[in-house]
J.: 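Pasting in a structure now, in structure tokens, and then I'll have a few things to ask.
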Amino acid sequence: MKQQIFERIRSLGQLSRIEVAKDLGVSAGSVTTLTSELLQDGYLEETRSAPRDVTRGRPKVALQVRRSAGYVAGIKISNEAHTAVVVDFAGRPVGEARLSAEQGAGTLEGLLDAAQKIFAMAVADAGLARGDVSAVGVGLPGMVDHASGIWLWSPLLNERRIPIRDLLTERVGLPVQIDNDVNLLTLAELWYGAGRSVSDFAVVTIEQGVGMGLVLGHNLYRGAHGFGMELGHVKVQLDGALCRCGRRGCLEAYIADYALVREAHVALGLVNRPTGASSSVLLESLYDQAKAGNEAARTIFRRAARFLALTLANVVNLFDPPLIILSGERMRYDYLYEDDTLEEAKTMTLDKGRPDTRIEIHAWGDWVWARGAATLALSALTDARLAGEAA
């Protein structure tokens with residue numbers, strides 16, 4: 001119960017003892033006892049705050065997380081740029097860093113070097129020493145075994161079944177938690193975003209790959225073996241386009257960045273013509289061409305939007321979430337979520353009187369991925385600390 005109280009206060013920022021008792025359905029006496037212990041241990045602090053429904057009298061004494069009680073770091077490993085943040089005990093960013101993925105591209109050793117470097121950069125930006133940071137979370141693309149710390153497969157490296165958690169722990173000299181990057185974006189939504197207000201929701205991301213995160217009963221769902229929600233590798237076309245996983249017909253082979261870039265070479269007349277442009281530059285050019293009326297470019301986005309509509313309908317039919325959050329860098333491209341696309345998704349959903357699933361668009365930047373990784377580390381740290389107090 002102590003941990004539930006702590007997490008409730010951290011989730012909402014500030015709460016009075018009476019509000020905590022009401023929200024969790026426990027006695028005021030129990031809340032007073034347990035919050036006193038959290039205050040004594042230095043995890044919470046009191047602050048003056050106006051009540052939710054402002055009435056006569058002085059502001060209530062509210063409880064909030066003591067921000068200086070600890071710090072953790074989060075790192076997002078990517079194919080173009082790695083990002084890192086340092087957050088305090090309340091989950092608020094206090095430092096950040098960005099590093100080109102060219103530093104560490106292609107080799108495991110290079111990637112470990114890059115992770116070590118960006119961690120040090122973020123800690124320095126926060127004005128902290130490494131000893132001030134208690135744990136690190138790392139978000140990785142591909143198939144990640146969160147429980148064992150094994151990176152089974154990634155589009156970034158040729159190696160398989162890498163004991164990445166142990167390798168990173170050795171490099172940074174701190175406890176490391178790892179997970180699939182989309183799971184960590186979903187965790188950020190659960191702690192800081194739209195997911196705070198609902199118990200069940202799905203997150204669908206479109207960037208270099210297509211990913212999905214799922215929250216059931218306020219908890220991140222990973223699947224029986226930790227490899228669930230691989231939405232990008234759901235088959236949408238038998239013997240279809242080649243996916244980077246080596247198989248054909250996967251969803252991401254039609255709507256992920258690399259799929260659109262492949263099509264962009266045709267639409268922009270770049271076939272058999274060398275180009276040093278990055279995928280992001282080519283995508284921007286493709287989008288500009290589509291907006292300017294280039295029919296080939298418009299067709300590429302329309303087709304991707306239809307596959308996205310199919311995907312959203314399947315998510316609704318399978319999981320019946322009250323909310324789907326569309327997130328990722330590609331949400332800047334309105335072709336992918338214009339009204340026609342969302343309406344088509346609705347027509348492909350089994351209706352029969354079911355309530356509509358709300359769809360929200362969150363065009364978060366790179367930092368939210370690293371913040372989700374920091375949230376993983378913060379969750380593990382507080383679990384360990386509060387469990388130790390209970391013991």
Side-chain angles (χ1 to χ4, degrees), residues 76-80 139-144 152-156 179-186 188-189 201-215 220-223 227-238 240-264 279-280 282-283 286-287 300-319 321 324-338 341-342 344-345 348 357 359-364 366 368-369 372:
K76 165 65 164 69
I77 298 297
S78 183
N79 67 309
E80 290 193 353
L140 302 162
M143 296 186 68
V144 180
L152 281 87
W153 170 82
S154 169
L156 301 185
D179 208 339
N180 172 268
D181 50 6
V182 182
N183 278 345
L184 299 185
L185 177 65
T186 305
E189 288 284 3
F201 67 93
V203 173
V204 174
T205 65
I206 305 175
E207 291 203 337
Q208 275 298 315
V210 177
M212 176 178 165
L214 183 66
V215 168
L220 186 65
Y221 179 75
R222 293 184 174 91
F227 311 130
M229 308 304 108
E230 284 292 342
L231 185 64
H233 301 287
V234 170
K235 301 299 179 283
V236 295
Q237 182 74 50
L238 291 176
L242 181 64
C243 177
R244 59 183 178 172
C245 74
R247 305 197 178 204
R248 291 188 175 274
C250 296
L251 171 67
E252 72 169 44
Y254 293 91
I255 64 176
D257 283 8
Y258 70 88
L260 296 181
V261 166
R262 184 168 56 200
E263 298 293 333
S279 61
S280 59
L282 286 173
L283 284 175
L286 183 69
Y287 185 61
I300 291 171
F301 278 105
R302 286 200 192 102
R303 185 175 73 161
R306 294 205 68 194
F307 276 110
L308 177 59
L310 172 64
T311 300
L312 296 176
N314 286 338
V315 170
V316 173
N317 287 333
L318 282 169
F319 301 106
I324 295 177
I325 299 169
L326 279 173
S327 187
E329 194 71 11
R330 292 316 136 236
M331 289 304 101
R332 293 183 295 110
Y333 299 153
D334 54 8
Y335 275 100
L336 293 176
Y337 60 87
E338 58 190 4
T341 300
L342 301 183
E344 186 170 11
M348 289 189 283
T357 293
I359 298 176
E360 292 190 7
I361 314 300
H362 290 185
W364 296 79
D366 284 348
V368 70
W369 299 82

J.: As an exercise, state the distance from CG of Leu140 to NZ of Lys76, rounded to the nearest 0.5 Å.
T.: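 So the CG of Leu140 and the NZ of Lys76 are separated by 8.5 Å.
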J.: For Gln208 and Tyr258, work out which heavy atoms get closest and say how close.
T.: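 Heavy-atom minimum between the residues: O-CD2, 3.3 Å.
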J.: Within the 4.5 Å heavy-atom criterion, are Asp179 and Leu220 side-chain neighbours or not?
T.: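 Touching, per the 4.5 Å side-chain cut-off.
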J.: Let me confirm one number: the CD1-CD distance from Ile325 to Glu189, rounded to the nearest 0.5 Å.
T.: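 Interatomic distance, Ile325 CD1 to Glu189 CD, rounded to 0.5 Å: 4.0 Å.
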J.: For the backbone of Pro321 and the side chain of Thr357, can you confirm whether one donor and one acceptor N or O come within less than 3.5 Å of each other?
T.: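 Yes; at least one donor-acceptor contact below 3.5 Å.
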J.: For the atom pair CD1 (Ile361) and CG (Leu342), what is the distance rounded to the nearest 0.5 Å?
T.: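 The CG atom of Leu342 is 6.0 Å from CD1 of Ile361, to the nearest 0.5 Å.
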J.: What pair of heavy atoms forms the shortest contact from Met229 to Met212, and how long is it?
T.: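 What the structure gives for the nearest pair is CB-O, 3.2 Å.
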J.: Out of curiosity, Glu360 CD to Phe201 CZ, how far, rounded to the nearest 0.5 Å?
T.: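 It comes to 10.5 Å.
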J.: Taking the side chain from Ser327 and the backbone from His362, do they hold a donor-acceptor pair closer than 3.5 Å?
T.: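 Side chain of Ser327 to backbone of His362, a donor-acceptor pair under 3.5 Å: yes, one is there.
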J.: For the residue pair Glu252 and Ala259, what are the closest heavy atoms and their distance?
T.: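 Answer, listing the atom of Glu252 first, then Ala259: O-CB, 3.6 Å.
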J.: Taking all non-hydrogen atoms of both residues, which atom of Thr205 and which atom of Leu185 are closest, and how far apart?
T.: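 So the two residues come closest at CG2-CD2, 3.2 Å.
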J.: Val315 and side-chain contact (heavy atoms from CB on, under 4.5 Å): which single residue from Leu214, Ile324, Val234 fits?
T.: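 One option only clears the test, and that one is Ile324.
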J.: Mark yes or no for whether Asn180, through its side chain, and Gly142, through its backbone, hold a donor-acceptor pair below 3.5 Å.
T.: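 Looks like yes, one N/O pair under 3.5 Å.
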J.: Any side chain to side chain donor-acceptor pair (under 3.5 Å) pairs touching residues 305-314, not counting sequence neighbours?
T.: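 Only Arg306-Glu344 qualify under side chain to side chain donor-acceptor pair (under 3.5 Å).
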J.: Quick one: do Arg248 and Cys243 satisfy side chain to side chain contact (heavy atoms under 4.5 Å, CB included)? Show the steps, please.
T.: CA-CA 6 Å; Arg248 291 188 175 274; Cys243 177; over 6 Å; no
J.: Please give me the minimum heavy-atom distance between Leu326 and Leu312, naming the atom from each residue.
T.: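 Between these two residues, the closest heavy atoms are CD2-CD2, 4.0 Å.
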J.: Which atom names give the shortest non-hydrogen contact between Ala304 and Leu260, and what distance separates them?
T.: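 Here Ala304 and Leu260 meet closest at CB-CD2, 4.0 Å.
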J.: Hey, are the side chains of Trp369 and Val182 touching, using non-hydrogen atoms and a 4.5 Å cut-off?
T.: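 When only atoms from C-beta onward are counted, Val182 and Trp369 do touch, with a gap below 4.5 Å.
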J.: Donor-acceptor check, side chain of Tyr254 to backbone of Ala241, threshold 3.5 angstrom: yes or no?
T.: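 Here the side-chain-to-backbone pair exists.
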